[in-house]
Amino acid sequence: MKTFKERVHEAVKKIPKGKTLTYKEVAKRAGRPKAYRGVGNILNQNCDPRIPCHRVIRSDGSLGGYNRGALQKRKLLEEEKGE
DNA sequence: CCCCTGACACTTA
DNA sequence: ATAAGTGCCAGGG
């Protein structure tokens, strides 16, 4: 069994293009529906460029945190959503 | 009705 | 085992 972090990364990689999931939804897909707090911490600390962590937003629709730059995150969502 | 704050739980190293 | 960080929920004004 890999670390929950790896599990979350895979769940985020499964997010369809142009769609955004909340940290809670991702945590649920990762196998720990009550670990949405851990998901936020992991994505913000380990935002790998191969992982669309920018598609993961807060339950309110806010972008939340982003290690690479919130501006980049917003731009990516705008382009993907616009497609 | 809207806005803000505090506390809580989960994970990682 | 501990420390640190994050997001969701609830209450109050």
Side-chain angles (χ1 to χ4, degrees):
Chain A
M1 174 167 170
K2 292 144 90 124
T3 54
F4 184 70
K5 180 166 78 72
E6 296 289 321
R7 193 76 180 141
V8 170
H9 286 177
E10 301 217 8
V12 175
K13 286 197 290 196
K14 289 175 196 182
I15 299 174
K17 181 168 71 71
K19 189 168 174 107
T20 49
L21 291 178
T22 63
Y23 290 99
K24 204 157 59 140
E25 291 291 303
V26 175
K28 198 165 160 172
R29 282 154 171 67
R32 289 301 183 280
K34 304 209 308 302
Y36 43 82
R37 290 165 228 176
V39 174
N41 196 357
I42 291 161
L43 293 179
N44 283 304
Q45 285 197 18
N46 233 326
C47 206
D48 282 59
R50 313 152 133 56
I51 299 171
C53 57
H54 57 262
R55 288 189 190 149
V56 188
I57 58 172
R58 295 230 235 156
S59 341
D60 310 86
S62 310
L63 302 180
Y66 197 49
N67 260 329
R68 326 261 312 150
L71 301 174
Q72 193 70 66
K73 181 173 185 171
R74 191 166 80 172
K75 194 161 83 157
L76 286 161
L77 293 173
E78 289 278 305
E79 300 210 41
E80 293 182 358
K81 287 196 307 185
E83 272 188 306

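The sequence lines fix the lettering, A, B, ..., with proteins before strands; numbering per chain opens at 1. Computed from a prediction, not measured in an experiment: that's the story for all the values here.
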One should read off an interatomic distance between A:I42 CD1 and A:Y23 OH, to the nearest 0.5 angstrom, of 11.5 Å
Quiz item: Would you say A:E10 and A:K2 make side-chain contact, with heavy atoms under 4.5 Å?
Solution: yes
Per the under-4.0 Å heavy-atom filter, residues of residues 3-15 of chain A near DNA chain C come out as none
Separation of C:dC8 atom P from A:L43 atom CG, nearest Å, is 11 Å
In numerical order, the residues of residues 18-41 of chain A whose heavy atoms come under 4.0 Å of DNA chain B are A:R32, A:K34, A:A35, A:R37, A:G38, A:N41
Output for pair (A:K17 NZ, A:L76 CG), nearest 0.5 Å, gives 11.5 Å
Please tabulate, one pair per line, all N/O donor-acceptor pairs under 3.5 Å involving side-chain atoms of residues 50-66 of chain A, not counting sequence neighbours.
{"from": "A:H54", "atom 1": "NE2", "to": "A:E80", "atom 2": "OE2", "distance (Å)": "3.2"}
{"from": "A:R55", "atom 1": "NE", "to": "A:E80", "atom 2": "OE1", "distance (Å)": "2.7"}
{"from": "A:R55", "atom 1": "NH1", "to": "A:I15", "atom 2": "O", "distance (Å)": "2.9"}
{"from": "A:R55", "atom 1": "NH2", "to": "A:E80", "atom 2": "OE1", "distance (Å)": "3.4"}
{"from": "A:R55", "atom 1": "NH2", "to": "A:E80", "atom 2": "OE2", "distance (Å)": "3.1"}

Its 5'-most and 3'-most nucleotides having an atom under 4.0 Å from a non-hydrogen atom of chain A, DNA chain B is contacted over B:dC8 to B:dA13
Residues pairing under salt bridge (Lys or Arg N to Asp or Glu O under 4.0 Å) where one sits in residues 18-32 of chain A, two or more places apart or in two chains, turn out to be A:E25-A:R29
Residues at least two apart in sequence or cross-chain that pass side chain to side chain contact (heavy atoms under 4.5 Å, CB included) with A:K75, listed by chain then number, are A:Q72, A:E79
The reported gap from NZ in A:K13 to CG in A:D48 (rounded to nearest 0.5 angstrom) is 8.5 Å
Closest non-hydrogen atoms of A:A30 and A:A11, given as atom of the first, atom of the second and distance, are N-CB, 4.1 Å
